[in-house]
Amino acid sequence: MISKPARRYANALLQIAIEQDQLDKILEDVRLIDQTLSSSRELRLFLKSPVINTDDKKEALESIFEGSVTEDLMFNFLDLISRKGRETLLDQIMRGFIDLYKEHAGIIDVSVYTAMDVSEDIRSKLREVLESVTGKKVDASYTEKPDLIGGMAVQIDDTVIDGTVKHKINRLKTLFNEADI
């Protein structure tokens, strides 16, 4: 869940990146920061600690991302976050930015569940179908679930399209039980 203050900072960063025509570069930096925060529990705890002063957090962020974050705009943004005492929200701000970017770019997240790994050809065809149906670009993640037996299930937001063999077997069981055969 992304808090309102984090969403406001993320939105402000997105708007500035668009105005300065640096959206793609800032997105790269945001993804790097998000990945770094996601993979380091210690860094997240360090940034959220009320015992550690803001200057130490600011110095740590500068030393961690110096050389890997490419844009001055991103460094200025990190400086602003530190000065405002909002480094505790940095992980939420980064995720919020990615969500807002996807919304801006017309990209939707789709989860695909299959019984076994599917080929790149099938993934490409599925992406084409989903993009034509939704009218948006599709960012699909694939998960193997052998218990599905065969077929696939596709989840877009709250909607699930279940074409798995397991689902069809369960529907048949329900029909037979209701018919008292």
Side-chain angles (χ1 to χ4, degrees), residues 1-49 52-112 120-143 154-159:
M1 184 73 182
I2 297 169
S3 66
K4 284 183 181 180
R7 185 169 276 292
R8 283 194 296 265
Y9 279 100
N11 190 43
L13 181 59
L14 179 74
Q15 295 307 316
I16 292 170
I18 291 169
E19 287 173 13
Q20 295 186 6
D21 197 28
Q22 294 184 355
L23 187 57
D24 291 336
K25 292 176 182 177
I26 294 299
L27 178 63
E28 285 179 35
D29 288 347
V30 165
R31 284 188 171 148
L32 172 76
I33 293 169
D34 183 54
Q35 183 179 10
T36 303
L37 291 169
S38 295
S39 64
S40 177
R41 181 176 183 268
E42 294 81 14
L43 179 57
R44 288 191 313 273
L45 291 174
F46 174 81
L47 293 174
K48 292 181 190 287
S49 174
I52 301 167
N53 78 35
T54 301
D55 290 336
D56 291 340
K57 293 177 185 180
K58 179 182 171 188
E59 285 178 31
L61 287 172
E62 286 175 0
S63 67
I64 291 169
F65 296 113
E66 188 175 37
S68 54
V69 171
T70 59
E71 293 304 311
D72 288 340
L73 173 59
M74 196 69 224
F75 270 114
N76 291 339
F77 183 77
L78 291 173
D79 181 58
L80 173 72
I81 295 295
S82 296
R83 283 187 285 120
K84 296 288 185 178
R86 295 296 195 168
E87 59 279 332
T88 59
L89 299 175
L90 190 57
D91 56 342
Q92 290 183 45
I93 294 169
M94 297 299 106
R95 280 189 310 246
F97 181 91
I98 292 168
D99 291 346
L100 290 170
Y101 168 80
K102 285 182 176 182
E103 187 179 309
H104 171 77
I107 300 170
I108 57 169
D109 291 321
V110 175
S111 299
V112 180
E120 190 56 44
D121 186 46
I122 291 173
R123 290 178 186 214
S124 177
K125 287 177 183 174
L126 179 61
R127 185 179 310 110
E128 286 176 22
V129 168
L130 291 172
E131 286 178 351
S132 70
V133 168
T134 62
K136 296 187 178 203
K137 296 177 194 167
V138 170
D139 186 8
S141 63
Y142 290 82
T143 304
V154 177
Q155 180 176 355
I156 304 171
D157 293 325
D158 295 340
T159 304

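Computed from heavy atoms alone, side chains included, the values below leave out hydrogens, waters and symmetry copies. Just so it is clear, the structure is predicted and the values come from calculations on it, not from any experiment.
- With contacts defined as side-chain heavy-atom distances shorter than 4.5 Å, the pair N76/E71 does not qualify.
- In terms of heavy atoms, A60 sits closest to F46 at CB-CE2, 3.5 Å.
- Counting heavy-atom neighbours within 6.0 Å of Q35 CD, excluding the residue itself, gives a total of 12 or less.
- Summarising the geometry of K137 relative to E131, their closest heavy-atom pair is CA-OE2, 3.7 Å, with the distance given to 0.1 Å.
- Ring pair H104/Y101 is tilted by interplanar angle, where 30° to 60° counts as tilted.
- Annotation: side chain of I81 is not in contact with side chain of L61 (no heavy-atom distance under 4.5 Å).
- The 12-atom threshold is exceeded at CD of Q15, counting heavy atoms of other residues, nucleotides or ligands nearer than 6.0 Å.
- In this structure, K48 contributes its side chain and T88 its backbone to a donor-acceptor pair below 3.5 Å.
- Of all heavy-atom pairs between F75 and E66, the closest is CZ-CA, 3.6 Å.
- Figure legend: cation-pi geometry between R86 and Y9 absent, as NZ or CZ is not positioned both under 6.0 Å from the six-membered ring centre and within 45° of its axis.
- Contact check for F65 versus T36: side-chain heavy atoms found under the 4.5 Å cut-off.
- We find that D121 and K125 are joined by a salt bridge, their nearest charged nitrogen and carboxylate oxygen being less than 4.0 Å apart.
- With 3.5 Å as the limit, one finds a donor-acceptor pair spanning the side chains of D29 and T70.
- Between I108 and I156, the closest heavy-atom pair is CD1-CG2, 4.0 Å.
- Considering every non-hydrogen atom in both R44 and L37, the closest pair reads NH1-O, 2.5 Å.
- Between T54 and S82, the shortest heavy-atom contact is CG2-O, 2.7 Å.
- Looking at Q155, its side chain never comes within 3.5 Å of a backbone N or O of S111 through a donor-acceptor pair.
- Counting heavy atoms of neighbouring residues, nucleotides and ligands inside a 6.0 Å radius, atom CG of N53 exceeds 12 of them.
- Other residues, nucleotides and ligands place more than 12 heavy atoms under 6.0 Å from the NZ atom of K102.
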